[in-house]
Amino acid sequence: MDMWRPYKEAVQRVLPHATIVIDKVPVLKMANAAMERARKSLRESLTRAQRRGLMHDRFVLLQREANLSAKDALLLSLWVKKYPIMGPIMGQAHHMKEEFFAIYDATTRHQAQQRFDAWEQALSADIRGFFTEVVTAWRHWEPQILVYFDHPVTNAYTESLNHLIRVVDRLGRGYRFEALRAKMLFTEEAFKRSRKPPKFQRLQKSNTLEEAMPALFPRRPTQSVMQDILTAPEHAVNYGVDREALSRLMADR
């Protein structure tokens, strides 16, 4: 779950023995938000001409260091050297953002706890204020955050579906909830169906209907019963909305 107290209270009341795992995605988003606060704050001290020299800085600073292209990595190093006051601070903030992400590379909760403690101690006075919310959230939700390293599950699937639903809602220009729900769940292509033959066809093991009669009807059926059997149509069974089909449909739209 996300770090929201009503979620926690509801689970503890209804499912008191459930293990609560804080999804790592919102935790990591807080580190990116801290980087963004640092970036905006540091840009305020620059002139307009200097800001033009930081083109695409948001994209570069929020990228994972391992995913930076050679050009972006060079830009980052140039910014740190070019701006003697804000550059080093920006570089520190980016480095600590990356170090926080690295906590989730830990293989045990003990290792993760050690990495966080070391990370917190390494925060300098220049950038600590930008990461205050991260530290506070971790300390407040620490037991549930660390459970992730015992049970590495995330809510990514649900969050992805929620994102796609918001896109559909926006494109629909103000669906009522009932209409949006129907569009998501009751579109014809999303149902999982199968066609089942009549029971007499499923039961028979012989090659012909006449050969199967003794097993189906110990007594010889009347002509009307025979007619009903021979003309019995297949019937469709609707198993409801198929999650995989719904995901494909939402991704296509």
Side-chain angles (χ1 to χ4, degrees), residues 1-11 19-44 54 56-69 72-73 75-76 79 89-109 111-124 126-170 247 250-251:
M1 64 173 62
D2 292 348
M3 292 176 287
W4 196 45
R5 185 181 297 276
Y7 283 164
K8 179 181 176 182
E9 292 175 349
V11 170
T19 299
I20 296 176
V21 183
I22 293 299
D23 192 350
K24 72 174 186 178
V25 175
V27 180
L28 295 175
K29 280 184 177 179
M30 295 184 73
N32 274 335
M35 181 70 253
E36 185 67 355
R37 282 193 296 272
R39 184 187 72 86
K40 291 180 178 179
S41 175
L42 294 170
R43 281 176 64 97
E44 291 178 355
L54 291 171
H56 308 299
D57 59 336
R58 182 178 186 274
F59 172 79
V60 173
L61 292 170
L62 294 182
Q63 275 272 57
R64 293 302 309 275
E65 191 169 20
N67 297 332
L68 288 176
S69 65
D72 292 334
L75 276 176
L76 181 58
W79 291 338
I89 299 176
M90 183 173 64
Q92 286 182 45
H94 182 265
H95 174 71
M96 296 308 293
K97 184 263 293 185
E98 287 295 300
E99 288 296 301
F100 186 83
F101 271 75
I103 293 173
Y104 277 89
D105 294 332
T107 55
T108 65
R109 68 157 58 200
Q111 186 182 35
Q113 182 64 70
Q114 287 184 320
R115 289 189 181 190
F116 176 80
D117 292 339
W119 176 85
E120 184 183 9
Q121 292 177 5
L123 288 172
S124 68
D126 291 329
I127 63 171
R128 177 173 289 274
F130 302 130
F131 289 90
T132 298
E133 291 185 12
V134 181
V135 175
T136 301
W138 184 286
R139 291 304 185 192
H140 185 74
W141 293 90
E142 190 170 73
Q144 292 78 30
I145 290 175
L146 291 175
V147 168
Y148 170 81
F149 298 93
D150 295 328
H151 306 283
V153 295
T154 73
N155 209 24
Y157 181 86
T158 303
E159 294 294 339
S160 177
L161 282 182
N162 286 340
H163 172 72
L164 293 172
I165 290 172
R166 286 193 291 271
V167 171
V168 173
D169 185 31
R170 185 167 65 249
S247 297
M250 295 177 70

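None of the values given here were measured: they were computed from a predicted structure.
Residues Arg115 and Glu99 are not paired through a salt bridge, judged by the lack of any N-O separation under 4.0 Å between the basic side chain and the carboxylate. Between Asp117 and Arg139 there is a salt bridge, since at least one side-chain N of the basic residue sits less than 4.0 Å from a carboxylate O of the acidic one.
You'll find the side chain of Lys97 reaches within 4.5 Å of the side chain of His94, heavy atoms only. The shortest distance between side-chain heavy atoms of Thr108 and Phe149 does not fall below 4.5 Å. The side-chain heavy atoms of Tyr104 and Val27, taken from C-beta on, include a pair separated by under 4.5 Å. Side-chain contact between Thr19 and Val147 is present, with at least one heavy-atom pair separated by less than 4.5 Å. Taking the side chain as every heavy atom from C-beta outward, Ile22 and Met1 approach each other to under 4.5 Å. You'll find the side chain of Gln113 reaches within 4.5 Å of the side chain of Glu142, heavy atoms only. Using a 4.5 Å heavy-atom threshold, the side chains of Ile20 and Val11 count as touching. Annotation: side chain of Arg109 is not in contact with side chain of Tyr148 (no heavy-atom distance under 4.5 Å).
Across every non-hydrogen atom of Trp141 and Lys8, the tightest pair is CZ3-CD, 3.5 Å. For the pair Met35 and Met90, the tightest heavy-atom approach, listed with the atom from each and the gap, is CE-O, 4.2 Å. Closest approach of Leu146 and Ala112 over heavy atoms only: CD2-CB, 4.1 Å. Across Leu123 and Arg128, no two heavy atoms sit closer than the pair O-NH2, 3.4 Å. Residues Ala122 and Met96 approach most closely at CB-CE, 3.9 Å, considering heavy atoms. Looking at every heavy atom in both residues, Pro26 comes nearest to Asp2 through CG-OD1, 3.6 Å.
To the nearest 0.5 Å, the span separating CD on Gln114 from CD1 on Ile103 amounts to 12.0 Å. Taking CG from Asp169 and CG from Asn162, the interatomic distance works out to 11.5 Å, rounded to the nearest 0.5 Å. Rounding to the nearest 0.5 Å places CD1 of Ile127 at 8.5 Å from NE2 of His95. Here the straight-line distance linking atom OG1 of Thr132 with atom CE of Met30 works out to 10.0 Å at 0.5 Å rounding. To the nearest 0.5 angstrom, Thr154 atom OG1 is 9.0 Å from Glu159 atom CD.
Contacts of Asp126 classified as side chain to side chain donor-acceptor pair (under 3.5 Å), with partners at least two apart in sequence or in another chain: none. For Ser41, the side-chain contact (heavy atoms from CB on, under 4.5 Å) partners are Phe130, not counting sequence neighbours.
Side-chain atoms of Glu36 and Asn32 include no donor-acceptor pair closer than 3.5 Å.
Ring centers of Trp119 and Phe101: at least 6.0 Å apart, outside the cut-off.
The neighbour count for Gln111 CD, taken as heavy atoms of other residues, nucleotides or ligands under 6.0 Å away, is above 12.
Classified by interplanar angle (parallel below 30°, tilted 30° to 60°, perpendicular above 60°), the ring pair Phe100/Phe116 is perpendicular.
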CA sep, side-chain torsions, deciding dist, call: Gln144, Met3, side-chain contact (heavy atoms from CB on, under 4.5 Å): CA-CA 9 Å; Gln144 292 78 30; Met3 292 176 287; over 6 Å; no
